[in-house]
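Because only heavy atoms are used, hydrogens play no part in the values below, and waters and symmetry mates are left out as well, while side chains stay in. None of these values were measured; they are calculated from a predicted model.
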Amino acid sequence: MSILIQIIIYGLSLGMLYFLLSSGFSLIFGLMGVLNFAHGSMFMWGCYLGYILSLSTGSFLFGIIGAAVCIGVMGLVMEKWLIQPLRGNQLRQILLTFGLIYVLEELAKVIFGTRAYMQFPPEWLSGSAHIFSETVPQYRLFMIFAGVIVFLLMTLLLKKTKLGMIIRAGTDKPRMVQAIGINVARIFSITFALGCALAGLGGAIATPFLGAYPTIDMEQVFNAIAVVIIGGVGSFTGAFYASVILGFISYITSYFVPELSMASTLLAMLVVVMIRPNGLFGGKTSEN
Amino acid sequence: MKTKNKLVLALALLAAVLVVPALIGSSYIHSIIITICIYSIFAISYDLLLGYTGIVSFGHTVYFGVAAYVVAFTTVKLHWPFLAAVGMVIVVCVAISFIFSLVTLRTKNVYFSMVTMAIGQLFYVMSTKLYAITGGDDGLPGVKSIFPNKTVFYIAAVLILVCVYLFSKRLVNSPAGRVLQGVKENDARIGMLGYNTFKFKSIVIQISGLLAGLAGILYVNLNGIATPSILNSSMTLQILFMVILGGVGTLHGPVIGAAIMQIASIVLSGFTTRWMLIFGIGFVVVMLFFPKGVAGVFDRFSQPNQLRKE
Amino acid sequence: MDNITENILELHDVETFIGQYHILFGVNITVRKGSATVLLGRNGGGKTTTLETISGLRPPFAGTILLDGKDIAGLPAYEIIQSGVGYVPEDRDIFSDLTIEENLLISSRKGNDYDKRLELVFELFPDMKKYFKKKSRILSGGQAQMLSISRALINDNKLILIDEPSKGLAPILIRELIDRINIIKKDNTVLLVEQNWEMATSVGDYFYIVQDGMTVFECTKEELLADDTIKQKYLGV
């Protein structure tokens, strides 16, 4: 019983972390066809900024929101100067974001050094909670809460606002969106910034749990890739379910075979590619 | 006449490259040139994929790294003779290329990029975690070079590079090679002509994998150790940069790219430990502003967002 | 003969490339206000590319395109559409992940009387009202075509471009669609690409034949119907 609760809480909180990380990645890829390999780097910078902003202002909430805003602005700049000029050439975009991983990582090393920063959760989240007979850290519950809130807000945005409808329409038929009189370039900029902001938010929320260190970008970008492939491209709810599944896979593996915990998400992804190339939850076809 | 002159010139150049440094060069300079040769072979193998089939794999470094690990593991831990280790490398590289072929069959373009990158990362993670086999982060040291000294190694490396280059040149100019270039241009059309494109792609994936494995064998001979860093995706970036810098689909371009990169990294690392930052910026700048040098291969990737209907 | 302001659309020597391929070599078209103009011609002649060029999806390489007297060649698609063009593409391209309502909502432009136009759409295509809240992927081919046309009708456009509405539809549906387009025609200027002879001749007032990327012939409906050699020479029927 107690191990079951532990698996549920820990797996779910890990899954929500994956969701915060990958939802923006999936959104950008689905709409724009841009595979942003530097998404993990955005997450990493979110870790650092969240840590610094929390520390300097003394407010954890300000830290995570500030990190999201900063990374969002960073995404806006990146889209305008690096992604937009290469529109129409997917491979060059991919290669560019691949190179950007190293620029952003080395830049972080120059500024923050190579050491890992540990952050404690704020006081109001540092205790433990009791669920049935099991004691779990409050911060784990906060991660689940944050993931669910972001999922609900994003679902609301996608389903109920005109911007959301346009994003869904563009994910389906990008060319036709221009043909109904919508400035697609602007929608792309907004979406890219939004996607990056989500990565920044995820990073800042992850810091008290994972810490902030320079190789976290590569570790995490693969989780984002795994989520998108398992969840199906362009499917936001698919990304959510895939994140939860990966959270459980990852936690259960780390519980029983710690050596394989990092490889487990990649292995799960490869299995899905071989069995169902379009992902488990529909979405666009992988043939394109 | 002209080709004959060219041949004479090439042979003279080769003789000069072989003889002059062998007579006067220091061991340090030999090592640098051997390294350039190794990366050139590796880059040529990548160019075969990228430039001649349009396959953009982000996991190509797996062959290189795994070959180095196989040699290190079998000769140091199992005390196998070197030739047996090479045999094992061939078996393993063929097995890996089979995996990549399967992935190619299943996915295209962007998906292929994601999946191959993930496979690369999987091998990297395993190299750091499977301590019993790989020695973890410390790697597997103690590999003895099969070459008695650096001068012999140097001559061997240059000759191997020349052989690999000539072999690759022949391959891409053979009838089968021309079909491959057709695969790059238009997969469907070649398919309709009755060629089995998957089979041809698999052959190139395999040859390219074996050549990368060869580079890995030489690498571990030179450095005496296999570490996770050779499986890291930053290795993929470097090899990608060499090919793109030198010119995709040229076969001699990767050699030039490898030489530039190697010399630049030695010079830059003298100034700063963060030389990868400069590489990264250089790479981004090339991607942004110099598409011409890297044209060919990009055409088939024209944005589905805009041209999907065509 | 013509007053220049009566021309909603004029194309002069328009040339267009798709990638490296030269597709349009010289297209000249005039669309008069209130008329229905039809582009005829064999497949691959450049009819669809002509509509795509007008809508801005494929900017022309050379030539002028006057919309209501203003040169729109080279403007981004969204600006051309916003200045009063409705575009109904060849493959309908409805947003299948969106409901009918959402499809229409995002197509409605600023300053548009959405409710009033919606009434109009419902009147013309009752099915749109019936399935208003449903995902548009459930629609049949004919209904999808209606939605695609509705998306153009939700705004008060100067010009509506319709690309092969009859494609893939059963004859009975084509006849129904002809009725609808004839109603639309009363209040709108239409430029239609059509292969279906029945639809082309029952809707069109004026005809252009596009062949090998050029407008090679133009005539009125009467001339087209009177002279069988046109049909034989250009359309191969």
Margin query: Rounded at 0.5 Å granularity, tell me how far CZ in C/R151 sits from CE in A/M176.
Written below: 4.0 Å
Note to self: With a 6.0 Å cut-off (strictly less than), is the heavy-atom count around CD of C/E123, excluding the residue itself, greater than 12?
What the structure shows: no
Item checked: Residues, nucleotides or ligands: over 12 heavy atoms within 6.0 Å of A/K80 NZ -> no
Check: Do C/E102 and A/R168 sit within salt-bridge range, that is, some charged N less than 4.0 Å from a carboxylate O?
Finding: yes
Margin query: Any non-hydrogen side-chain atom of A/N183 less than 4.5 Å from a side-chain atom of C/Y78?
Written below: yes
Checklist line | Over 12 foreign heavy atoms within 6.0 Å of OH, A/Y241 | finding: no
Notebook entry, point to check: About how many Å separate CD1 of A/I180 and CZ of C/F95, when rounded to the nearest 0.5 Å?
Noted result: 4.0 Å
Next item on the list: Taking atom CZ of C/F17 as the centre, report whether more than 12 heavy atoms of other residues, nucleotides or ligands fall under 6.0 Å from it.
Entry: yes
Note to self: Please enumerate all residues that pass side-chain hydrogen bond (donor to acceptor under 3.5 Å, both in side chains) together with A/S264, with sequence neighbours excluded.
What the structure shows: none
Next item on the list: Report, as yes or no, whether the 6.0 Å neighbourhood of atom CZ on A/R186 holds more than 12 heavy atoms from other residues, nucleotides or ligands.
Entry: no
Checklist line | For C/L105 against A/M165, the heavy-atom pair lying closest together | finding: CD2-CE, 3.8 Å
Check: Can you tell me if NZ on C/K129 sees more than 12 non-hydrogen neighbours from other groups inside 6.0 Å?
Finding: no
Margin query: Tell me whether C/Y114 at atom OH has more than 12 heavy atoms from other residues, nucleotides or ligands lying less than 6.0 Å away.
Written below: yes
Note to self: Let me confirm one number: the CG-CD1 distance from A/L163 to C/I106, rounded to the nearest 0.5 Å.
What the structure shows: 10.5 Å
Check: Just how far is it from atom CG of C/L57 to atom CZ of A/R175, taken to the nearest 0.5 Å?
Finding: 5.0 Å
Next item on the list: Under 4.5 Å heavy-atom distance to chain A, tell me which part of C/S108 shows up: side chain, backbone, both or neither.
Entry: backbone
Notebook entry, point to check: In terms of heavy-atom proximity below 4.5 Å to chain A, should C/I94 be classed as side chain, backbone, both, or neither?
Noted result: backbone
Checklist line | chain A interface, residue from C/L98, C/I80, C/V85 that has the most non-hydrogen pairs under 4.5 Å | finding: C/L98
Notebook entry, point to check: Where does C/S55 contact chain A at under 4.5 Å (heavy atoms): side chain, backbone, both or neither?
Noted result: neither
